Amino acid sequence: MIKVDHISKTFKVAKRNAGFSEAVKALFNKQYEYVKALDDISFTINEGEMVGYIGPNGAGKSSTIKILSGILTPDCGSCDINGRTPWINRVKHVKDIGVVFGQRSQLWWDVPVIDSFELLRDIYNVPQIKYKDNLEELVTLLNLEEIIKTPTRQLSLGQRMRCEIPASLLHNPKILFLDEPTIGLDAVSKIAVRNFILDINKRHKTTVILTTHDMQDIEAMTNRIILIGKGKILMDGTLSDMKKVAAVDASIDEAVVELYKQYEI
Amino acid sequence: MRVYSRYFSIHFKSVMQYKTSFLLTTIGQFLVSFNVFLGIYFMFMRFNKVEGFTYSEVLLCFSIVLMSYSFAECFGRGFDTFSSIISNGEFDRIMVRPRGEILQVLGSKIEFTRIGRILQALVMFIYGISQSNVSWNFDKILTIIFMIVGGTVLFTGIFIIYAALCFFTIEGLEFMNIFTDGAREYGKYPISIYGKRVLQICTFIVPFALIQYYPLLFLIDRNRNRWNMFLPLVACIFIIPCYKLWKIGIKHYKSTGS
């Protein structure tokens, strides 16, 4: 279970205008601006839930994921994930979670994918029998027999993503964070990834938290949606709740646009 | 340790993917330090002694510093290039894995091409030994091992400081190279030739002299005090403040946008 309580996080951002003279000026007298990435965020997510975490660019989605996965320490507030605070018990906490950053690879570039998997097995200390079972399951579900023998650098984006997600699942995490897992994928790979995530959720009761800009992802995978904008949680409900608030009976994409307008984000 | 050997083998496999590049870089590394060796050689053609140290003694000194520097660079490369690990977001990855950060940064890069330098150091070392008339015994062999171990730890410590500062600046700091590349270059000669003040700094602040000057005196029988033998191990204490600074740095880690 994930319980987030009144979390805030502020970043100090250097600001200057364009131009050479401005750049020189900034060298001596830097102007800072404080940006509230997260402003008093609270929510609870139960075990086995699938939650879509949406909002425009720069709303604070990634910051939230980074706090929940123990990378960042918030300024204030508390967070309890299966009885632990992520940024205090980092090592114990990350054993139970899997994180996929859609834009960054976790596979070693020059070696076949299976070598990366074996390194991850040792990093997470997965027993050999369990590793074998997991690998077999993941490989058959995603049809990876051939792909995992190829070096990562020679894979297409879609193939690589089909390896990234199992790489985060080799140690049976209880919680899976997906940060834009379908970005840049073609229709076939997208659907393969979606079905796979749904399957994993059903089989292992894995809690899944998903950030994405692709509303079809949300529609296909999640029941619950948390909408965040300018660091605040604006809505927390189901897909039909969202359509109700938006007050339009149109496609989900248009509903989201309508919502963004209403909240002025 | 098992995880580290796993990292080691994956890096080895990666390197073997680009055999030509590996070979040429290794040869390049060998030649670069060979130049430095020539520099020393030509200088000693004119002068027979520097501050009372003979040619072979200086070679011995330099080869040991070069060897420990190359070991540190080979295994601690992750810290040396830490600014790139921060700016490309790789450190986020490290934070979501259930292992110590130091182990993972060490494992993130292993620079096998530094074998070129280690070889060069070895050649100089053997040459230096054959030229010098050091009377070898068990203590002295131990001293040399201590010097290399202490030097590797010391240079790794400086790399860690460098990496820890990256948490605050995001970009790397060139001035830190004074302590890494600079120390390697100045380390050619026994520290005492640079004067008393430098010797004091290198004894008490950044303990270069402990891995180089004092044990060298013991090696060439200028100072028979057996304490000098263990000074390189004392220099290893330097890693503790480095580690503390690193821990403070991690607390300040802000991650980069995604």
Side-chain angles (χ1 to χ4, degrees), chain A residues 9-14 37 57-58 61-63 65-73 86-87 89-112 115-116 118-125 151-154 167-168 171 173 177 179-180 183 211, chain B residues 1-22 78 84-113 167-171 247-258:
Chain A
K9 176 84 189 169
T10 311
F11 288 110
K12 196 168 150 191
V13 181
N57 293 348
K61 299 189 297 292
S62 291
S63 299
I65 299 279
K66 281 175 183 168
I67 287 174
L68 293 182
S69 52
I71 297 171
L72 287 178
T73 310
W87 58 90
N89 301 329
R90 186 185 72 80
V91 171
K92 276 192 180 146
H93 168 66
V94 295
K95 267 189 188 156
D96 286 343
I97 65 166
V99 190
V100 177
F101 297 111
Q103 321 229 37
R104 288 173 191 159
S105 179
Q106 61 173 322
L107 304 168
W108 275 261
W109 193 242
D110 290 314
V111 293
D115 283 344
S116 296
E118 276 174 10
L119 177 55
L120 287 169
R121 174 196 67 196
D122 288 347
I123 288 177
Y124 284 98
N125 231 340
T152 311
R153 72 187 137 100
Q154 284 165 344
S168 300
H171 57 289
F177 296 103
D179 196 355
E180 308 193 32
I183 195 163
T211 77
Chain B
M1 216 50 218
R2 215 170 71 111
V3 180
Y4 189 77
S5 65
R6 193 50 84 164
Y7 275 120
F8 192 86
S9 87
I10 220 165
H11 281 288
F12 192 72
K13 284 179 203 159
S14 303
V15 162
M16 286 306 123
Q17 294 273 319
Y18 309 99
K19 289 194 190 79
T20 327
S21 158
F22 170 70
S84 73
I85 291 186
I86 287 213
S87 55
N88 68 18
E90 212 185 310
F91 198 69
D92 286 356
R93 250 307 137 214
I94 288 177
M95 293 287 276
V96 299
R97 291 203 172 128
R99 294 282 173 173
E101 301 89 359
I102 295 223
L103 172 74
Q104 291 189 65
V105 176
L106 284 177
S108 73
K109 271 204 185 79
I110 298 171
E111 197 65 64
F112 287 105
T113 55
F167 283 115
F168 302 96
T169 61
I170 302 296
E171 269 303 302
K247 280 283 167 201
I248 295 171
I250 286 185
K251 275 204 186 121
H252 278 258
Y253 179 58
K254 288 196 191 67
S255 182
T256 46
S258 101

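Chain letters run A, B, ... following the sequence lines, proteins first, then strands; residues in each count from 1. These figures come from a predicted structure and were not determined experimentally.
Heavy-atom minimum distance, B/Tyr253 versus A/Leu72: O-CD2, 3.8 Å. Heavy atoms only, all atoms of each residue included: A/Val111 and B/Lys13 are closest at CG1-CB, 3.8 Å. Residue A/Ile123 comes nearest to B/Val3 through the heavy atom pair CG1-CG1, 3.9 Å, listed as atom of the first residue, atom of the second, then distance. Considering all non-hydrogen atoms of both residues, A/Asp122 and B/Arg99 come closest at O-NH2, 2.9 Å. Taking every heavy atom of both residues into account, A/Lys95 and B/Pro98 meet most closely at CG-CB, 3.5 Å.
In this structure, the separation between NZ on A/Lys66 and CE on B/Met95 is 11.0 Å, given to the nearest 0.5 Å. The distance from atom CZ of B/Arg93 to atom CD1 of A/Ile71, rounded to the nearest 0.5 Å, is 8.0 Å.
Under a cut-off of 6.0 angstrom, the local environment of CZ in B/Phe12 is sparse, with at most 12 non-hydrogen atoms contributed by other residues, nucleotides or ligands.
Proximity to chain B (any heavy atom under 4.5 Å) is shown, for A/Asn57, by neither the backbone nor the side chain. Contact annotation for B/Leu103: neither backbone nor side-chain heavy atoms come within less than 4.5 Å of a heavy atom of chain A. Residue A/Phe11 touches chain B through its side chain alone, counting heavy-atom pairs closer than 4.5 Å.
Between chain A and the options B/Lys251, B/Glu90, B/His11, B/Gln17, heavy-atom pairs under 4.5 Å are most frequent for B/Gln17.
When side chains are defined from C-beta on, B/Tyr18 counts as touching A/Asp110, because their heavy atoms get closer than 4.5 Å.
Between the A/Arg90 side chain and the B/Arg97 main chain, a donor and an acceptor come within less than 3.5 Å of each other.
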